Amino acid sequence: MSASASQALAYLEELPLTVHKKLYQQPSTVLAIFRCMLPHLAKTIVMAMLYMTGPLPIADLDAWVREDARSEKDKAVSNLESLHIINLEQESPKQYTYRLNAGFARSLRQALTGGGSHASFGVPPSQPDPERVDLAFLDEYARKRWETILYYMVASTSGLANAESLGSGVNDGTKTLLRNGEFVRVIHGKAHITEKGFSFVLQEVNSQVWSLLLIYLKHAEQLQMSEVDILSFIFMLGSLELGQDYSTETLSPTQQKMLEDLSALGIVYCSSKSSTRFYPTRLATTLTSEAGALSTVEPVIANALDAPSQGSSGKGYIIVETNYRLYAYTSSHLQIAVLNLFVKLTSRFPNLVAGKLTKESVRRANGLGISASQIIDYLATHAHPQMQKNNPVLPPTVMDQIRLWEYEGERIQTTDGYLMKDFRDEIEYNEIRAYTESLGILVWRNDHKRFLFLDRLEQVKLYMENKKNRGRSQASK
Amino acid sequence: MPPKRKAAQAVESDDDYDESLDEGVLSDQETFDRLKAQYDVVAMSKKARASHQVDAASHMFKKADQWDARLKPDHASRPLWVDDAGRIILESFSPAFSEAQTFLINIAEPQSRVSKIHEYSLTTHSLFAAVSVGFSTQDIISQLDKFSKTSLSPSVRSFIEKSTSSFGKARIVLKHTLSYIESDDPEILRRLLRDPTIAECRADGSNDLLQEAAPKVGGIAIPGTKAAAGANQVAQPQQQSEMMASLKEDDDDDDAAQVHSFQIKSEERERVIKRCQDIGLPLTEEYDFKNDEVNPDLEIDLRPSARIRDYQERALGKMFGNSRARSGIIVLPCGAGKTLVGITASCTIQKSIMVLCTSAMSAVQWRAEFIKWSNVDPNDIAVFTSSDKNTFPRQAGILISTYTMITATKKRSHDAEKVWDWIRSREWGLLVADEVHVVPANVFKKVTYAIASHCKLGLTATLLREDDKIETLNFLIGPKLYEANWQELAEQGHIAKVQCAEVWCQMTPEFYTEWLRPSSTNQKKALLSVMNPKKFQACQFLIDYHEKRGDKIIVFADNVFALEAYAKKLGKAYIYGDTPQAERLRILENFQHNELVNTIFLSKIGDTSLDLPEATCLIQISSHYGSRRQEAQRLGRILRAKRRNDEGFNAFFYSLVSKDTDEMFYSSKRQAFLVDQGYAFKVITRLEGLEHHNDLAFSTPQERRELLQSVVDAKEGAGDVENIKGDLFGSKYASNQGRGKKKAGVRRLAGTLSELSGGQDMAYIEYNKSKNKDLKKKQGVKNAFVKKLARNTENARKAAGK
């Protein structure tokens with residue numbers, strides 16, 4: 001699962017059952033969640049249960065999974081439970097079973113086999129568009145729009161003299177969005193990028209789109225928009241075809257209103273506000289691509305977005321040497337501005353920028369809230385094809401050094417989370433410890449004092465409630 | 001002369017130099033400074049920068065911003081970029097890479113040669129060198145333009161033109177021991193003669209210039225090369241690039257095979273050289289040794305078994321490019337056979353040779369190498385050091401000496417004085433200056449003025465100094481003729497592959513508290529960080545680990561206090577400046593041949609010229625501030641590892657630094673040079689298995705406190721860096737000082753004989769003793785069988801005595 005999908009998943013998991021129920025009425029939504037949100041094992045479980053007539057006893061599920069993959073199974077089941085895709089039910093006093101959410105199952109079957117009149121995969125207009133646009137236009141449109149947003153964000157720190165004007169094309173809706181997401185802070189009418197903003201800028205485009213859309217969702221209620229409608233629309237966009245135009249007539253009022261905002265972001269293209277058709281851009285159609293799509297579809301979009309001048313050189317453009325020198329094959333001001341955040345730039349040629357990673361430049365980036373791993377990720381994902389022949393892609397000494405520079409400045413690390421203590425007995429402590437460990441949410445423990453420190457609580461809560469219910473029913477028997 | 005006046009003059013006619021007659025008062029430093037100012041690249045690039053368009057991101061690029069330069073349509077197949085300041089960025093994955101590299105190595109200084117992208121920079125000296133090996137201005141520009149992705153900027157063009165037009169146009173040549181100034185262009189000579197100083201120094205009375213045929217290019221064969229191996233002794237050197245060949249053709253077409261010259265007084269030679277530099281026409285020095293019939297020939301040739309490697313051949317090819325010997329510097333990594341280059345050069349010139357090296361120890365090594373590689377009669381090799389003062393008996397020979405001996409300012413002993421006079425009275429064919437980077441300019445100046453040598457060859461691994469004195473060497477010896485690529489040599493197996501690591505050692509709380517104390521002097525702080533128990537443990541652990549692997553280990557410590565403390569505690573042999581010569585040799589021999597002695601501790605006397613091919617692992621516990629040269633030289637000690645061609649062999653280089661001290665800062669500075677040569681330093685924050693190691697030293701707080709106490713009590717100056725007498729690393733250059741020093745260590749104690757003989761049930765056992773003495777004992781007989789034999793004879797003798 002890609003980083004972008006996981007942040008979307010985290011959001012989805014927090015939604016209540018009622019929202020989930022509504023969402024699962026749309027086959028496109030169900031398909032998108034199934035395709036890109038679920039871990040591999042969860043998919044297998046869902047597929048196995050999809051055409052099952054009855055519920056699946058817990059014991060059976062346990063029998064499917066090998067002992068050494070127990071933690072994987074726990075994770076998958078926990079995901080499915082929190083998304084309310086499967087529910088734990090008590091069949092008989094002794095037997096617990098899992099049952100697939102009826103709405104989810106119905107929609108998924110519909111998406112897989114076709115049929116129905118749901119129109120959730122979009123409806124092309126009956127008349128062909130007289131002003132049909134081609135793929136290149138859409139890519140260019142999306143790139144321009146998205147870059148404008150990034151320019152707007154980095155204007156304050158990029159050091160680009162004309163950054164202000166470059167980012168001036170951003171409309172008010174988007175500005176509010178960025179402010180709501182705490183990516184920028186507006187001081188005296190000027191946008192200043194925040195720590196969150198920096199990590200946003202360094203992300204993959206796909207992750208960036210998701211982050212913005214999630215912010216959009218979180219603030220939807222203020223705009224009197226239905227969360228479900230928005231989500232369904234996002235998932236629908238993910239299953240549309242690039243280059244095809246779609247009719248706006250089947251969309252709900254919320255979704256029609258949303259179209260305007262999305263076109264400001266460059267996710268869809270409408271020739272005018274009154275137009276009854278829209279085109280999804282590459283930013284939209286890659287939204288719910290599967291994890292694997294990152295390496296196939298992503299390069300195309302990265303290329304379209306990142307390296308306009310270097311069509312042929314493929315995805316990456318950065319070379320990092322063991323002597324900490326960095327060479328970037330680019331002429332894009334945006335990329336220069338991003339590099340300038342953590343590289344001491346020295347010279348520039350028409351298609352090359354040269355600089356050096358120094359302790360000062362990396363520490364300065366750390367000071368702005370950019371972490372060493374973000375820098376390393378950025379360098380690795382944008383590595384020049386020549387670098388990608390290496391394994392690992394970046395010279396290990398350079399990666400170590402970047403981390404050490406950061407580490408040198410921060411000798412104390414903080415983690416937000418929850419402390420669990422006062423367990424009833426050793427057995428309970430051990431059980432919870434094993435469960436949280438298998439979910440990978442256990443940060444620290446002290447066996448002697450029976451303390452557990454977790455970075456997330458929901459699953460454990462659910463687990464304990466289930467256990468309590470089970471215990472009660474057993475007691476009542 | 002202030003630059004201002006110079007500028008004012010430039011407006012006047014070209015040949016009006018009358019005003020600058022006061023050159024006598026100028027020191028050389030000023031001359032250099034002025035020349036530097038004249039060819040200042042930075043100023044030029046600044047000017048060039050103004051001509052470029054500025055865009056929003058321009059201010060981010062401090063050094064160069066040439067985004068508006070025109071990109072050639074087929075830029076993808078061209079390998080390099082050139083910026084206004086002459087810096088060149090080269091793609092190593094480009095198809096034209098090797099061709100471009102061969103060219104760049106001739107015209108530019110390599111800055112960094114790592115894996116994907118290399119950097120070079122054009123300097124006046126590198127262009128000077130290019131001209132002196134036969135490149136024309138036009139050639140340099142057109143080739144560079146051919147390789148460049150963008151069209152060459154006018155400022156680079158004019159920089160190349162300016163540098164090459166003034167450099168190397170005229171040559172100073174010793175012919176039949178007479179000095180001539182020679183040039184292809186008579187106009188240049190006329191211009192020189194218009195200068196009153198030079199005119200004054202002219203020896204031939206006539207007004208005409210002499211004319212003769214130009215020497216044939218590549219007319220000689222360097223012994224040991226492929227060319228010499230073939231039957232055809234005048235074969236053309238094969239390494240000439242295509243472009244060089246085309247250049248030669250051009251020369252033939254122009255019928256420019258005429259050289260013009262005039263003679264100057266030999267005794268005014270130095271003045272002329274200086275004067276020519278002053279007026280912007282520096283002379284190259286060349287020696288036509290083939291036609292030198294005055295100086296007797298030396299019978300010397302390489303042994304048939306000696307083969308020189310292709311990069312050595314390339315280097316020598318530069319030196320003997322047009323059948324004359326050119327003065328200059330050859331830069332090869334340690335262990336890549338600098339000595340052999342020097343010997344081969346000697347065998348090519350076959351005149352009297354003078355070799356200067358840094359210490360008496362390396363003088364001995366040079367002598368051995370000469371005998372090993374060439375067929376020279378050992379009697380013809382004389383050594384002139386504080387312990388040997390020989391001359392060679394015949395007309396020609398080889399003299400090996402140290403810089404200290406030659407430049408001694410104090411009154412010499414009678415013997416030394418005699419040899420010295422003899423040296424000065426002779427003419428030398430070649431002066432080989434080993435480890436030329438350590439020689440301060442003023443010392444070397446003395447050497448060059450005192451010794452009449454036709455040709456000078458400087459050898460070094462690291463043409464760097466933390467002060468910028470390197471540039472002056474360009475004037476005193478000559479341009480850099482060749483610099484090898486370390487990574488390439490390592491790939492080809494000529495030098496060992498090395499894993500470099502920097503080990504971070506936490507300071508223990510008690511040491512750090514002391515370190516932080518405001519009253520701690522810098523020396524004390526340095527000592528505290530060296531003596532850090534954690535570092536000691538790391539060192540101990542690494543020694544144990546590598547000894548178990550079968551490595552031979554050298555541990556370097558600049559600080560003698562620490563050196564002694566470490567070596568004694570760990571029971572290892574150590575050598576530092578005050579170790580007597582005999583003891584040094586004994587320890588080194590043991591290290592090489594005795595399998596029980598796998599580790600030695602060296603102070604910085606071991607940095608250079610110590611040939612220990614057995615060593616495969618190197619640990620550095622303290623070092624000289626941020627000296628890049630020292631780091632590279634030390635690395636050099638393991639580059640010639642014997643086992644380097646074994647499958648998967650790696651040598652190891654560890655640098656131990658105490659965290660949160662100055663050492664961290666200096667260590668990154670020190671590594672700069674090696675990192676640019678493509679070495680990667682891995683940072684190790686934790687040594688795997690250190691905590692499970694048995695009997696670590698200083699594992700209890702008690703021991704650590706005692707150690708701290710000893711460090712605190714150490715007398716002031718213990719933290720000082722060792723000052724080695726008679727060694728060029730020290731600040732004093734006086735010779736013979738070390739000998740007069742009184743040896744400490746004899747004390748008179750009261751006691752009874754029975755005590756000492758063990759009559760009171762007491763025995764003397766020295767803990768913490770120096771391993772050095774141990775080695776001395778072992779010196780006699782090592783083999784058990786031989787020992788037994790000796791014992792038997794002894795017993796037999798005793799029995800017989802009874």
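Fair warning: this is a prediction, and the values are worked out from it, not measured in the lab. A, B, ... follow the sequence lines: proteins, then strands. Residue 1 opens every chain.
- In summary, of the residues considered (Asn340(A), Val353(A), Thr346(A)), a side-chain contact (heavy atoms from CB on, under 4.5 Å) with Phe61(B) occurs for Val353(A) alone.
- Between Phe665(B) atom CZ and Lys359(A) atom NZ the span is 9.5 Å, to the nearest 0.5 Å.
- At a threshold of 4.5 Å between non-hydrogen side-chain atoms, the residues His75(B) and Asn351(A) count as touching.
- Residue Lys72(B) qualifies as enclosed at atom NZ: its count of foreign heavy atoms under 6.0 Å is above 12.
- Using a 4.5 Å cut-off on side-chain heavy atoms (C-beta onward), Asp83(B) and Phe349(A) make contact.
- Top candidate by heavy-atom pairs under 4.5 Å with chain B, chosen from Thr322(A), Asp400(A), Ile319(A), Leu352(A), is Leu352(A).
- Heavy atoms of Leu674(B) lying under 4.5 Å from chain A are absent altogether.
- Looking at Ser668(B), neither its backbone nor its side chain comes within 4.5 Å of chain A, counting heavy atoms on both sides.
- Taking every heavy atom of both residues into account, Pro350(A) and Ala69(B) meet most closely at CG-O, 3.1 Å.
- Side-chain contact check for Glu119(B) versus Asn323(A): every heavy-atom pair is 4.5 Å or farther apart.
- More than 12 heavy atoms of other residues, nucleotides or ligands lie within 6.0 Å of NZ in Lys525(B), so this atom counts as buried by the packing criterion.
- If you look at Phe93(B) and His384(A), their ring centroids are closer than 6.0 Å.
- Using a 4.5 Å cut-off between heavy atoms, Glu321(A) contacts chain B through its side chain alone, with no backbone atom that close.
- Looking at Gln677(B), there are no atoms closer than 4.5 Å to chain A (heavy atoms on both sides), in backbone or side chain.
- For Gln671(B), no part lies near chain A; criterion is any non-hydrogen pair under 4.5 Å.
- Arg325(A) is listed as a side-chain neighbour of Asp676(B), based on a closest heavy-atom distance under 4.5 Å.
- The choice from Ile89(B), Thr685(B), Asp68(B) that makes the most heavy-atom pairs within less than 4.5 Å of chain A is Ile89(B).
- Considering only heavy-atom pairs separated by less than 4.5 Å from chain A, the leading option among Lys682(B), Lys116(B), Met664(B) is Lys116(B).
- Heavy atoms of Ser115(B) lying under 4.5 Å from chain A belong to its backbone as well as its side chain.
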